[in-house]
Engineer: 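First, the structure itself, so that you have it in front of you.
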Amino acid sequence: MDKSCKWHSNKFVVESVALHMIGEKIIWTAILPSTNDFLKENWRTLSHGTAVVAEMQTNGRGRYNRNWLSPQGGLWFSILFKPRKSLRPAFFTKVCSLSVIKALQALKVEAKIKWPNDIYINGKKLAGILTESVFDENIPKAIITGIGINVNNNIPQELSNKAISLYQITGQIYDPKIILKMILRQIDGMIRRYSKKPEITTRLWKKYMIQKEGQVISFIKSNIIQSGKLLKILEESLLIEIEGKKIEISSLEILDV
């Protein structure tokens, strides 16, 4: 693919002549508070598929607005989606989760998804995904998905029992730019294949899920630790049997992986 490159103030932009591709434009920055926030502030002037990458984030976050440590050596980026067809944000979360899984497989690394969007290896978190919607006068205008992957970065001692990096798994140093392009290529292909049949992404997503239907899971809901039998993994929620009652829950934190 032919590309032209140019500097935009402190940002390095790679622009491709291809049209309507995810990653057609990539904005590289040394440091940002949050790549998701950057796209939320600039979505009007940027095209569908634009990705912004920061070598370091000072205010990265995950689900429930939790801080996401984003030092140098990792891969921290967000993608702007402006779909012509109305698609639920969960579709993009699933596509991005699957794309990370597929890119890792190409690196000979097998990973799983912890419901709904974390990437785990050997019981430790390798990557996280956060999807947010942008509204203009209560009308949905764009969807932004942020992806954070521990690549070569050091994992702090206090997180060593919960998180892991690619370097720790394989002993190899990786070029984050190569991994980024692998993921963007996967995302572009999946959106083209499955945007008209989003139910296929759900089937694939469930295939790589750590949690399986029929298992007993422990989770936190409303700051209370509970457990129940996972009856069904639905499009955007879980059907759980708790003390003989079937309850559909869309917001919870699963404890066991």
Side-chain angles (χ1 to χ4, degrees), residues 1-57 59-61 68 70 74-100 102-103 117 127-149 175-198 201:
M1 184 186 302
D2 294 331
K3 292 185 174 70
S4 60
C5 303
K6 56 185 177 182
W7 289 94
H8 283 220
S9 63
N10 68 325
K11 306 180 186 72
F12 183 60
V13 180
V14 179
E15 295 181 336
S16 165
V17 297
L19 299 177
H20 308 301
M21 291 188 67
I22 303 303
E24 171 183 338
K25 178 182 286 186
I26 303 174
I27 302 174
W28 303 89
T29 69
I31 187 168
L32 279 176
S34 160
T35 55
N36 264 34
D37 287 348
F38 176 88
L39 289 180
K40 286 166 74 174
E41 294 165 3
N42 296 280
W43 67 271
R44 288 181 176 84
T45 59
L46 296 172
S47 58
H48 167 75
T50 296
V52 59
V53 189
E55 292 182 21
M56 180 189 303
Q57 291 184 119
N59 193 31
R61 64 184 184 279
W68 178 270
S70 313
L75 176 56
W76 326 114
F77 68 103
S78 298
I79 308 163
L80 176 64
F81 301 106
K82 294 182 177 179
R84 295 176 182 175
K85 177 185 176 181
S86 178
L87 290 165
R88 296 186 65 83
F91 169 78
F92 295 95
T93 300
K94 293 170 187 174
V95 163
C96 289
S97 297
L98 289 166
S99 295
V100 172
K102 294 295 185 181
N117 54 6
I129 295 168
L130 177 66
T131 297
E132 300 180 283
S133 299
V134 177
F135 293 85
D136 188 11
E137 296 182 352
N138 295 321
I139 299 173
K141 293 291 187 179
I143 294 168
I144 295 166
T145 298
I147 302 175
I149 305 175
D175 184 344
K177 291 183 180 180
I178 292 176
I179 297 175
L180 172 70
K181 291 175 182 178
M182 292 169 65
I183 294 171
L184 293 175
R185 192 178 305 118
Q186 288 286 343
I187 293 171
D188 184 75
M190 286 194 183
I191 289 177
R192 290 174 184 270
R193 288 195 299 272
Y194 304 136
S195 61
K196 293 182 180 179
K197 295 182 179 179
T201 62

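These numbers come from a predicted model, not from an experiment.
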Engineer: Quick one: are D136 and R44 in side-chain contact, heavy atoms under 4.5 Å?
Structural biologist: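 Sidechains of R44 and D136: in contact.
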
Engineer: Flag the pair I147 / L75 as yes when at least one side-chain heavy-atom distance between them is below 4.5 Å, and no otherwise.
Structural biologist: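 In short, these two side chains do not touch, never coming nearer than 4.5 Å.
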
Engineer: Using ring pair (Phe, Tyr, Trp, His ring centres under 6.0 Å) as the criterion, list what pairs up with F92, not counting sequence neighbours.
Structural biologist: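 Applying ring pair (Phe, Tyr, Trp, His ring centres under 6.0 Å) to F92 gives F81.
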
Engineer: So P140 and S133, do their side chains get closer than 4.5 Å, heavy atoms only?
Structural biologist: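 Not in contact.
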
Engineer: Is there a side chain to side chain contact (heavy atoms under 4.5 Å, CB included) between I144 and L130 once you walk through the steps?
Structural biologist: CA-CA 8 Å; I144 295 166; L130 177 66; over 6 Å; no

Engineer: Regarding T93 and N117, do their side chains bring together a donor and an acceptor under 3.5 Å, going by distance alone?
Structural biologist: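 Not at all, the side chains of T93 and N117 share no donor-acceptor pair under 3.5 Å.
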
Engineer: Just so I know, are the side chains of K102 and M190 near enough to count as touching, which here means a heavy-atom distance under 4.5 Å?
Structural biologist: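 Yes, at least one pair of side-chain atoms sits under 4.5 Å.
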
Engineer: Find out whether L32 and T29 are in side-chain contact, i.e. whether some heavy atom of one side chain is under 4.5 Å from a heavy atom of the other.
Structural biologist: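 Yes. Closest side-chain heavy atoms under 4.5 Å.
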
Engineer: In Å, rounded to the nearest 0.5 Å, how long is the span from OG of S70 to CE of M56?
Structural biologist: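 Going from the OG atom of S70 to the CE atom of M56 covers 9.5 Å.
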
Engineer: Who pairs with K197 by side-chain contact (heavy atoms from CB on, under 4.5 Å), at least two apart in sequence or on another chain?
Structural biologist: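 By the side-chain contact (heavy atoms from CB on, under 4.5 Å) rule, K197 matches E199, I200.
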
Engineer: With sequence neighbours excluded, what pairs up with A142 under the side-chain contact (heavy atoms from CB on, under 4.5 Å) test?
Structural biologist: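 Testing A142 for side-chain contact (heavy atoms from CB on, under 4.5 Å), a comparison that skips the adjacent residues, returns W43, L80, K82, V134.
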
Engineer: May I ask you to check whether S99 and Q186 show a side-chain donor-acceptor distance below 3.5 Å?
Structural biologist: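 There is no such pair between these side chains.
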
Engineer: Do you know which two heavy atoms are closest between G23 and L184, and how far apart they sit?
Structural biologist: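 Between these two residues, the closest heavy atoms are CA-CD1, 3.9 Å.
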
Engineer: Does any non-hydrogen side-chain atom of E24 lie less than 4.5 Å from one of T50?
Structural biologist: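 Heavy-atom side-chain distance check fails, nothing below 4.5 Å.
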
Engineer: If you define the side chain from C-beta out and look only at heavy atoms, does anything of I26 sit under 4.5 Å from F77?
Structural biologist: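 No, side chains not in contact.
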
Engineer: With sequence neighbours left out, write down each residue that passes salt bridge (charged side-chain N to carboxylate O under 4.0 Å, His left out) with R193, or none if nothing qualifies.
Structural biologist: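 Residues passing salt bridge (charged side-chain N to carboxylate O under 4.0 Å, His left out) with R193: none at all.
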
Engineer: Of all residues at least two apart in sequence or in a different chain, which pass the side chain to side chain donor-acceptor pair (under 3.5 Å) check with T145?
Structural biologist: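 Listed in chain order: T131.
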
Engineer: If you look at every heavy atom in S195 and R192, which pair is closest and at what distance?
Structural biologist: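 Shortest heavy-atom contact: OG-O, 4.4 Å.
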
Engineer: Working note: T35 + V53, criterion side chain to side chain contact (heavy atoms under 4.5 Å, CB included); need CA distance, chi angles, decisive distance, verdict.
Structural biologist: CA-CA 7 Å; T35 55; V53 189; 6.0 Å; no

Engineer: Between I143 and L87, what is the shortest heavy-atom contact and its length?
Structural biologist: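 Looking at all heavy atoms of both residues, the shortest contact is CD1-O, 3.7 Å.
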
Engineer: Less than 4.5 Å apart, any side-chain heavy atom of V52 and any of I79?
Structural biologist: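 Answer no - side chains too far apart.
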
Engineer: Distance from S78 atom OG to N36 atom CG, nearest 0.5 Å?
Structural biologist: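 Rounded to the nearest 0.5 Å, the OG-CG separation comes to 3.5 Å.
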
Engineer: Give a yes or no on whether the backbone of M21 and the side-chain of D188 come within a donor-acceptor separation of less than 3.5 Å.
Structural biologist: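 No; judged by distance alone, with no hydrogens or angles, the pair does not exist.
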
Engineer: Got a sec, which residues hit side-chain contact (heavy atoms from CB on, under 4.5 Å) with E55, two or more places apart in sequence or on another chain?
Structural biologist: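 Expected list: Q72.
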
Engineer: Atom OG in S97, atom CD1 in I187: separation rounded to 0.5 Å?
Structural biologist: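 It comes to 9.5 Å.
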
Engineer: Going through the checks in order, is the side chain to side chain contact (heavy atoms under 4.5 Å, CB included) test met by F91 and T201?
Structural biologist: CA-CA 7 Å; F91 169 78; T201 62; 3.6 Å; yes

